[in-house]
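Pasting a structure below so you can have a look.
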Amino acid sequence: MQTSGLTLEPPGVASPATLAVAAVTFLAALVLYELFAYRKRRSMPPGPFRWPLIGNTLQVPQVHPWLTYSRWAQVYGNILHLDALGQHIIVINSAKVAHELLDKRSAIYSGRPHLVMAGDLVGFDSSLVMQPYGDKLRQQRRFISQDLSIATLPRYCDIQEAAARRLVLGVINDPGSLESQVKMSIASIIMLVTYGYTVKNAEDHFIAQAFEMMDNFVLAIVPGTWLVDIIPPRKCCFDCSEVSILMGPTAVKYLPSWTPGATFLKTAKAWRKHLLTTNWMMYRWSKENSENGTAHVPNLCASVLTEMEGKVTPQLEESLMWAAATVMGAGLDTNVSTILSFILAMLRFPHVQKKAQAEIHAVVGSERLPEISDRPSLPYIRSVVTEVYRWLPAIPLCIPHALTEDDVYNGVFLPKGSVVMPNVWHMLHDPAIYPDPDAFKPERYGGLDSEMKKVTDLAFGFGRRACPGYHFAEGTIFSVVATVLATCDVVPVVNEHGQEIIPDIRYTTGAIIFPVDVKCTFRPRTEQAKAALVDSAATLL
Ligand code: HEM
């Protein structure tokens with residue numbers, strides 16, 4: 001429509017001139033933002049090419065990310081930086097840097113990343129493993145470390161040995177049940193120690209609930225999976241007093257659950273309900289049954305409650321409930337993964353198996369089954385266990401830490417709020433430190449605990465967040481490894497043509513990894529060994 005030489009547009013439609021001005025303004029803002037960001041980034045660690053606005057979001061690897069980070073280490077060095085929509089990610093590829101930052105400066109490297117899906121929505125942020133560093137965390141860690149300290153651990157050795165023996169007997173009788181037997185054996189140890197609960201069988205309701213909770217946890221924390229974690233309402237990436245141009249008003253987590261594309265809200269609701277129901281159910285079971293004498297004591301919950309001498313506040317009780325739940329969650333998959341990796345190693349490296357069996361035979365003999373107290377006398381078995389941690393670390397990228405203050409390391413700026421991921425896999429496969437890193441060679445430690453410690457110092461985490469279950473886990477894994485090797489040959493299954501099937505080295509992806517398709521037969525080495533297992537399974541807990 002033309003009037004007096006002016007062009008009038010219908011209401012709501014911008015003129016080309018307006019659009020042009022908007023586009024130029026947007027581009028100018030983008031250039032300014034990028035220039036500003038570039039100045040800040042120059043002093044940060046190097047990393048792959050970063051796209052305007054989205055940064056490295058599309059490059060953050062989703063499958064076996066530790067392998068990609070390991071390749072990037074060749075290009076960018078030991079400490080690299082990614083920017084995922086304004087979230088800084090620092091990947092550490094060197095043991096030295098990890099120890100200098102995460103151990104020596106642990107006062108500012110002990111936070112955990114804020115995850116909207118796993119934390120705010122599902123509720124895992126109340127569990128010890130995801131809590132920010134602070135009083136609540138310290139209290140929960142204290143509950144665990146007082147119950148699982150080196151001094152108190154001997155009281156749980158019988159439980160660990162009995163479970164290892166039952167596991168071996170179960171697999172001898174039914175080789176196809178390897179994975180479920182390992183899960184059940186580990187769950188039975190953790191449930192007894194944490195809650196005093198005796199697992200009845202593989203279909204036990206408590207076990208099913210606990211593993212489902214872990215499955216949900218592992219899915220909830222996978223980076224890049226959940227919309228809410230990709231578009232968080234976030235402060236500016238470089239200056240916490242400014243609001244990022246990426247932020248917008250998108251508080252996706254507040255959308256109603258019927259919003260198209262927001263099915264994660266329904267998932268989160270279901271997982272939250274499951275998490276709270278499971279954890280309170282097990283805690284209450286323990287409390288009631290430890291009091292009435294039905295539960296096995298000592299157990300973590302009962303010990304802490306006894307020590308409080310009836311002065312249990314609701315806050316303390318909730319804290320204990322989460323500490324116990326975290327022990328259960330943290331102890332399940334890590335141990336299952338490690339034991340399956342051990343079996344895989346024995347199948348692929350039978351000469352190691354022979355050497356380990358010879359050591360047990362020489363030290364323990366064949367008249368009795370090995371015990372955890374034999375550990376100091378069995379350096380080769382300790383080396384086998386250590387080599388499993390190195391060869392296939394259960395948590396290859398550790399659990400991410402968060403940096404709570406700005407920091408400078410060797411002239412490089414590391415901003416507050418960064419997610420810090422130690423690439424433990426790379427550190428443990430560095431050929432300069434571990435020659436021929438894919439080979440399973442317990443000899444590489446020369447039987448020296450000081451060399452083995454270099455591995456466990458990485459595989460069990462760092463600083464104030466280091467695994468509080470380390471000594472306990474060492475007992476469980478040692479007991480399984482020594483019992484298997486003392487009593488059985490771990491041999492491959494054979495196919496219909498009589499050919500042996502040696503599993504490939506393949507594993508899942510995710511925060512905790514598992515070798516896949518590990519199948520084997522446990523062939524009793526002697527009738528006497530099998531009889532000893534039967535006898536002990538009948539008499540022990
Ligand atoms: C082979 C077995 C295990 C491995 C490889 C392992 C490894 C780890 C690693 C790497 C971390 C993260 C540390 C960090 O953030 O720096 C961790 C945390 C943790 N682990 Fe373990 N762990 C194992 C078994 C256990 C067991 C049996 C328990 C309990 C009895 C346990 C309890 C915990 C807890 C509660 C945390 C969270 C600590 C925190 O966030 O402050 N772990 N573990």
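When a ligand or atom number is given, it counts from 1 through the structure's own listing order. Keep in mind that this is a model prediction, so the values were computed, not measured. Numbering starts at 1 and runs along the sequence shown.
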If you scan protein heavy atoms around atom 26 (C) of ligand 1, the nearest is Gly331 CA, 3.6 Å
Those residues at least two apart in sequence (or on a different chain) that pass side-chain contact (heavy atoms from CB on, under 4.5 Å) with Lys104 are Glu100
Atom 4 (C) of ligand 1 sits nearest the protein heavy atom Phe460 CE2, 3.3 Å
closest protein heavy atom to atom 19 (C) of ligand 1 is Pro468 CD, 3.8 Å
- [ ] May I ask you to test the Leu115-Met117 pair for a side-chain heavy-atom distance under 4.5 Å?
- [x] no
| Is any side-chain N of the basic residue among Asp135 and Arg138 closer than 4.0 Å to the acidic one's carboxylate O? | yes
Query - Donor on one side chain, acceptor on other, Tyr156 and Gln160, under 3.5 Å - result: no
Min over Cys467, Ala323, Pro393, Gly475 of heavy-atom distance to atom 25 (C) of ligand 1 lands on Cys467
- Message: Quiz question: by atom type and distance under 3.5 Å, do the side chains of Arg464 and Ser106 form a donor-acceptor pair?
- Response: yes
The ring pair (Phe, Tyr, Trp, His ring centres under 6.0 Å) partner of Trp271 among Phe124, Phe217, Trp226 is Trp226
For atom 11 (C) of ligand 1, the closest protein heavy atom turns out to be Ile399 CD1, 4.0 Å
Taking only non-hydrogen atoms of Phe462 and a 4.0 Å limit, the atoms of ligand 1 in range are 14 (C), 16 (O)
message = Before we go on, tell me: are the rings of Trp72 and Tyr69 under 6.0 Å apart, centre to centre?
response = yes
inquiry  = If we only consider heavy atoms of Arg112, is any one of them less than 4.0 Å away from an atom in ligand 1?
reply    = yes
Query raised in the report: Salt bridge check: are Glu387 and Arg444 linked by an N-O gap of less than 4.0 Å?
Result: yes
Please report whether ligand 1 has a polar contact with Thr338, defined as an N or O pair separated by less than 3.5 Å (distance criterion only). no
Within 4.0 Å of some non-hydrogen atom of Leu128, the atoms of ligand 1 are 37 (C), 38 (C), 39 (C), 40 (O), 41 (O)
Are any of the N or O atoms of Arg141 closer than 3.5 Å to those of ligand 1?
yes
* Less than 4.0 Å between a side-chain N and a carboxylate O, is that true for Glu179 and Lys519? -> no
Among non-hydrogen protein atoms, atom 32 (C) of ligand 1 lies closest to Ala330 CB, 3.4 Å
Heavy-atom proximity to atom 24 (C) of ligand 1, picking from Val388, Ile395, Thr334, Leu148, points to Thr334
Atom 28 (C) of ligand 1 sits nearest the protein heavy atom Gly469 CA, 3.6 Å
Original post:
Hey, are Asp147 and Arg155 close enough for a salt bridge, meaning a charged N less than 4.0 Å from a carboxylate O?
Top reply: yes
Lys355 bridged to Glu443 by N-O distance under 4.0 Å | yes
request  = Before signing off on this row, confirm whether Thr326 and ligand 1 have an N or O atom pair separated by under 3.5 Å.
outcome  = no
shortest atom 13 (C) of ligand 1-to-protein heavy-atom contact is with Arg465 O, 3.1 Å
heavy-atom search around atom 27 (C) of ligand 1 in the protein gives Asn335 ND2, 3.5 Å
In terms of its nearest heavy atom to atom 7 (C) of ligand 1, the top option of Gly461, Ala459, Ala466 is Ala459
If we number the atoms of ligand 1 from 1 as shown, the ones under 4.0 Å from a heavy atom of Val327 are 29 (C), 30 (C)
